[in-house]
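In what follows, chains are A, B, ... by sequence order, proteins preceding strands, each numbered from 1. All heavy atoms count here, side chains included; hydrogens, waters and symmetry mates do not.
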Number of protein chains: 2
Amino acid sequence: MAAGLNRRFYCGVELTLEILQGKWKPVILAHLKEGPMRYGELRAAIPRLSDKMLSERLRDLEEQGLVSRFKIGRRGSPATYRLTRRADSLRSLLGTLNDWGLRVAPEVGAIVEYADVPALRRRRPPVAG
Amino acid sequence: MAAGLNRRFYCGVELTLEILQGKWKPVILAHLKEGPMRYGELRAAIPRLSDKMLSERLRDLEEQGLVSRFKIGRRGSPATYRLTRRADSLRSLLGTLNDWGLRVAPEVGAIVEYADVPALRRRRPPVAG
DNA sequence: GGTACTACGAACGAGTTGGTGCGTAGCGTG
DNA sequence: CACGCTACGCACCAACTCGTTCGTAGTACC
């Protein structure tokens, strides 16, 4: 997360915006705030986000140390993403961002409604489980 | 502020980000949160922000109903900007954005330091004042 | 009066995020 | 086994914010 930030900022908001830059990072983080998610779950939860943007932004967030990726197997097997400990400090902020959006939605005629996230395929549990 | 927002958003953060879109709007709002400011004061408080961007973003914010502009006289005379009543709901969010930035600054080697804002020229007070 | 300041606006280009379309190696399940 | 799914990546383009440069009508102050 430290890359290229060692300069002067004239208020805290400038720094925050630079770290959380872009359309999708805060949205991804906000969803992960609720718990670890599969790539496909994130995809379903954020319908307007393309595969390309999702994978790129996830990689950015990983490099920034805000998201960790857990994967069993190689290509084709699911990856799980979760907020890092480092990102814990963001939880309150993400909540506030969400709350404000929910609050102004009626004023601006917007509809905020979570997408259905289908239960994804899971590795068959052990028989003795 | 209602322009083009009457569609579905999949979480509150998406809506918030769309309203506060861009590099400079939240920064401008954060400064105005502390009290009304002259154009020139804003300019001095946010050194990396160019005239062009400042005037454009202020106009956007005005159109969105988040900032009001007060001006005596025409070109050349100072304009004062302040948050609207409508923007009051943003105060908490702006504070949180600032607080988080201040909090992570040491971790990322960033320096957050407010710019000096010089006392601007004021209309000479009435002699009897 | 003269000059620096004030608050913009026009014209143009840069840069980065975001979007579209397509493809792939491997997995997981019926 | 076959096929749909998974999680990406490549190539290319779009779009919009942002940045640079220059200029202006009028103000404010010395």
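Residue A:E41 contributes atom CD, which lies 10 Å from atom P of D:dT6 at whole-angstrom precision. In this structure, A:I72 atom CD1 and C:dG26 atom P are separated by 18 Å, rounded to whole Å. Rounded to a whole Å, the CD atom of B:E18 is 16 Å from the P atom of D:dA15. If you measure from atom CG of B:L42 to atom C1' of C:dT6, you get 13 Å, rounded to the nearest angstrom. Regarding A:R38, its CZ atom lies at a distance of 11 Å from the C1' atom of C:dC27, rounded to whole Å. One can place NZ of B:K71 at 10 Å from C1' of D:dA25, the figure rounded to the nearest angstrom. Per the geometry, CD1 belonging to A:I46 stands 14 Å off P belonging to D:dA7, to the nearest Å. Put simply, CG on A:L54 is 12 Å from C1' on D:dT6, counting in whole angstrom units.
Between B:H31 and B:Y114, the ring planes lie perpendicular to each other; the angle is over 60°, past the 30° to 60° tilted range.
Following chains of ILVMFWY side-chain contacts shorter than 4.5 Å, one cannot reach B:Y10 starting from A:L29, and the two form parts of different hydrophobic clusters.
Residues A:L93 and A:T16 have side chains in contact (heavy-atom distance under 4.5 Å, counting atoms from C-beta outward).
Looking at which nucleotide of DNA chain D each of B:D51 and A:Y81 is closest to, the 5′-most match is held by A:Y81.
Here A:Q21 pairs with nothing under the side-chain contact (heavy atoms from CB on, under 4.5 Å) rule; sequence neighbours left out.
Salt-bridge formation is not detected for the pair B:E18/A:K23: no Lys NZ or Arg NE/NH1/NH2 atom is positioned less than 4.0 Å from an Asp or Glu carboxylate oxygen. A salt bridge is absent between A:R82 and A:E34; no separation between the charged side-chain nitrogens and carboxylate oxygens falls under 4.0 Å.
If you check distances only, the side chain of A:R75 does reach the base of C:dT24 with a donor-acceptor pair under 3.5 Å.
Checked against D:dG9, D:dA7, D:dA25, the side chain of A:P78 finds its nearest nucleotide in D:dA7.
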For this session: Produce a footprint string for nucleotides 11-19 of chain C: one letter per nucleotide, 5' end first; B if the base is under 4.0 Å from any protein heavy atom, S if only the sugar-phosphate is, - if neither.
Result: B-----SBB
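Considering only side-chain N and O atoms, A:R43 lies nowhere under 4.0 angstrom from the phosphate OP1 or OP2 of D:dC8. Dashed line: the shortest gap from a side-chain N or O of B:R74 to OP1 or OP2 of D:dG26 is under 4.0 Å.
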Problem set entry | From CA spacing to verdict: side chain to side chain contact (heavy atoms under 4.5 Å, CB included), A:W24, B:E14 | CA-CA 8 Å; A:W24 295 116; B:E14 276 188 55; 4.2 Å; yes
